[in-house]
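One structure is given here, and the rest of the page talks about it.
What you are looking at is a predicted structure, and each value in this text was computed from that prediction instead of being measured.
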Amino acid sequence: MKLSVAALCLVFAATAQGSALAWGTPGHQEINAAATRALPASGPVFLQSPAAVATVESLGPEEDRLKGAGYSWDRDDDPAHYVDLGDDGTIAGTISIRRLPDDMETYERALAAAGTDPYRVGYLPYAIADGWEQLRKDFAYWRAFNYLQAHSPQPAYRLRFVKARELREMLIVHDIGIWGHFVGDGSQPLHVSVHYNGWGKYDNPKGYTQAPIHAPFEGAFVRDHVTPAGVAHDVTAPGQPPPSHLLGQSEILAAVGAYLAATESHVDRLYDIERTGGFREASPAAVTFATQRVADGARELRDLTLLAWQNSIDASVGYPEISVRSILSGGVVPEPGAFGGD
């Protein structure tokens with residue numbers, strides 16, 4: 001029996017279950033679902049199907065479900081979920097979150113000079129930026145295959161491009177679902193702060209708690225008090241115009257850094273609410289705060305996904321590389337072998 005892409009999506013969405021950490025299963029699912037549903041009509045149409053939304057939603061907690069896969073996997077992957085920002089907006093007192101190095105190698109060297117490394121202080125900005133670049137490439141291939149399935153001169157080639165497009169759609173749904181986890185982690189204030197589970201050994205003039213508050217806030221509180229309707233209500237329409245050039249790594253890291261800096265600005269408010277019993281009593285202020293943070297993750301995931309889609313038209317595909325624009329204009333009509341496999 002052959003299953004369609006939509007059917008495969010529905011099967012996965014129906015069978016993916018399990019407990020998780022970070023925003024917890026409900027939080028990550030709400031972020032992924034709200035982001036995908038909020039994509040505008042100008043975005044990729046196949047992502048707007050109920051099956052695609054359901055699969056992206058179900059994959060939201062996957063990176064936490066995989067925790068405990070093994071020592072090496074955990075050691076490599078766990079620091080991708082966070083970055084320890086100080087109150088001065090720097091990582092390890094040396095790297096500004098708003099002026100991140102262009103790549104992990106340079107980031108690691110800068111941290112080494114400060115006596116630490118990405119495995120201690122986290123590398124969430126790069127997990128988000130790398131996932132964005134991968135998604136842009138995914139979309140670039142989809143654009144090429146979608147055009148060539150209708151315009152390739154040979155019927156056999158058109159059929160192969162249909163299959164290539166269908167496979168790329170499955171990969172895109174998967175990649176957004178997995179990557180959405182890291183984007184979602186970036187909206188949890190305790191994932192972008194040195195005060196990640198109690199205030200810690202830092203100046204504490206307001207007497208914030210030293211108790212472990214991380215899991216209770218992002219897990220049980222979000223599960224019990226943050227609703228999909230509340231999150232969707234706070235995900236406003238996108239307002240940025242499409243870029244007019246192929247974005248470089250420094251540009252996307254600047255956008256990611258600004259997002260994480262905005263999240264970090266809510267750390268004091270979170271501890272204030274905890275100190276006054278807001279999370280314990282589920283006060284309106286506490287529920288609104290948590291809902292807005294989850295909605296921030298959904299909005300950022302929606303905006304970055306749309307930005308990757310818009311920017312993909314200026315990308316290149318195949319090897320040697322062919323610009324997507326030259327394919328869509330009919331200037332170049334590559335054979336399937338141009339994309340590998342022959």
Within the structure provided, determine whether [X] and [Y] are in side-chain contact (heavy-atom separation under 4.5 Å).
{"X": "I95", "Y": "P101", "result": "yes"}
{"X": "R143", "Y": "N146", "result": "no"}
{"X": "P26", "Y": "V226", "result": "no"}
{"X": "I97", "Y": "E264", "result": "no"}
{"X": "I128", "Y": "L304", "result": "yes"}
{"X": "E30", "Y": "T227", "result": "no"}
{"X": "L111", "Y": "Y123", "result": "no"}
{"X": "I91", "Y": "L85", "result": "yes"}

Side chain to side chain contact (heavy atoms under 4.5 Å, CB included), that's the test. Do V317 and I327 meet it? Break it down for me.
CA-CA 10 Å; V317 291; I327 295 173; 3.9 Å; yes

same_hphob_cluster(Y202, Y82) at 4.5 Å side-chain heavy-atom cutoff
no

Between Y196 and H191, ring centroids under 6.0 Å
no

Does E335 have any side-chain contact (heavy atoms from CB on, under 4.5 Å) partners at least two apart in sequence or in another chain, and if so, which?
Y157

Could you give all pairs that pass the ring-ring contact (aromatic ring centres under 6.0 Å, His included) test and reach residues 279-311, with sequence neighbours left out?
F139-W309, W142-W309, F217-F279, F221-F279

How far apart are the closest heavy atoms of [X] and [Y], and which atoms are they?
{"X": "I273", "Y": "A285", "value": "CD1-O, 4.1 Å"}
{"X": "A237", "Y": "R302", "value": "C-NH2, 3.8 Å"}
{"X": "V53", "Y": "L47", "value": "CG2-O, 3.7 Å"}
{"X": "G257", "Y": "L100", "value": "CA-CD1, 4.3 Å"}
{"X": "I322", "Y": "A338", "value": "CD1-CB, 4.2 Å"}
{"X": "V235", "Y": "A298", "value": "CG2-CB, 3.8 Å"}

Ring pair (Phe, Tyr, Trp, His ring centres under 6.0 Å) partners for [X], two or more places apart:
{"X": "Y107", "answer": "Y126"}
{"X": "Y319", "answer": "none"}
{"X": "Y147", "answer": "H151"}

Pairs flagged by side chain to side chain donor-acceptor pair (under 3.5 Å) wherever residues 247-260 is involved - sequence neighbours left out:
H245-E251

Sequence neighbours excluded - side chain to side chain donor-acceptor pair (under 3.5 Å) pairs with any residue from residues 275-289
D272-R275

With salt bridge (Lys or Arg N to Asp or Glu O under 4.0 Å) as the rule and sequence neighbours excluded, what pairs involving residues 96-105 come up?
E105-R109

Determine which pairs satisfy salt bridge (Lys or Arg N to Asp or Glu O under 4.0 Å) with at least one residue from residues 319-334, sequence neighbours left out, and list them in order.
K137-E321, D314-R325

Salt bridge (charged side-chain N to carboxylate O under 4.0 Å, His left out) against R168, all qualifying residues, sequence neighbours excluded
D138

State the [atom1]-[atom2] distance between [X] and [Y], to the nearest 0.5 angstrom.
{"X": "H28", "Y": "D64", "atom1": "NE2", "atom2": "CG", "value": "5.0 Å"}
{"X": "L253", "Y": "L260", "atom1": "CG", "atom2": "CG", "value": "10.0 Å"}
{"X": "K201", "Y": "Q210", "atom1": "NZ", "atom2": "CD", "value": "9.5 Å"}
{"X": "E218", "Y": "W23", "atom1": "CD", "atom2": "CH2", "value": "7.0 Å"}
{"X": "D117", "Y": "R120", "atom1": "CG", "atom2": "CZ", "value": "5.0 Å"}
{"X": "Q154", "Y": "L159", "atom1": "CD", "atom2": "CG", "value": "12.5 Å"}

Out of D296, I31, L39, which one pairs with L301 under the side-chain contact (heavy atoms from CB on, under 4.5 Å) rule?
I31

Examine distances only and state if a side-chain atom of [X] and a backbone atom of [Y] form a donor-acceptor pair shorter than 3.5 Å.
{"X": "D234", "Y": "A295", "result": "no"}
{"X": "T263", "Y": "G186", "result": "yes"}
{"X": "W132", "Y": "I252", "result": "no"}
{"X": "E63", "Y": "W179", "result": "no"}
{"X": "R158", "Y": "S152", "result": "yes"}
{"X": "Y208", "Y": "G200", "result": "no"}
{"X": "S193", "Y": "L190", "result": "no"}
{"X": "S187", "Y": "R293", "result": "yes"}
{"X": "D74", "Y": "K67", "result": "no"}
{"X": "Y141", "Y": "G318", "result": "yes"}

When you check the gap from the basic side-chain N to the acidic O, do R65 and E62 get nearer than 4.0 Å?
yes

Would you say the side chains of Q29 and N32 form a donor-acceptor pair under 3.5 Å?
no

Stepwise side chain to side chain contact (heavy atoms under 4.5 Å, CB included) check, D87 with H195
CA-CA 9 Å; D87 296 329; H195 311 295; 2.9 Å; yes

Side chain to side chain contact (heavy atoms under 4.5 Å, CB included), that's the test. Do V162 and R165 meet it? Break it down for me.
CA-CA 5 Å; V162 168; R165 177 188 57 78; 4.2 Å; yes

Who are the side chain to side chain donor-acceptor pair (under 3.5 Å) partners of D88, not counting sequence neighbours?
T90

Return the set of residues passing side chain to side chain donor-acceptor pair (under 3.5 Å) with D84 (not counting sequence neighbours), or none when no residue passes.
none

Intermediate values then yes/no, side chain to side chain contact (heavy atoms under 4.5 Å, CB included), E57 and R37
CA-CA 10 Å; E57 176 181 9; R37 290 193 182 102; 4.2 Å; yes

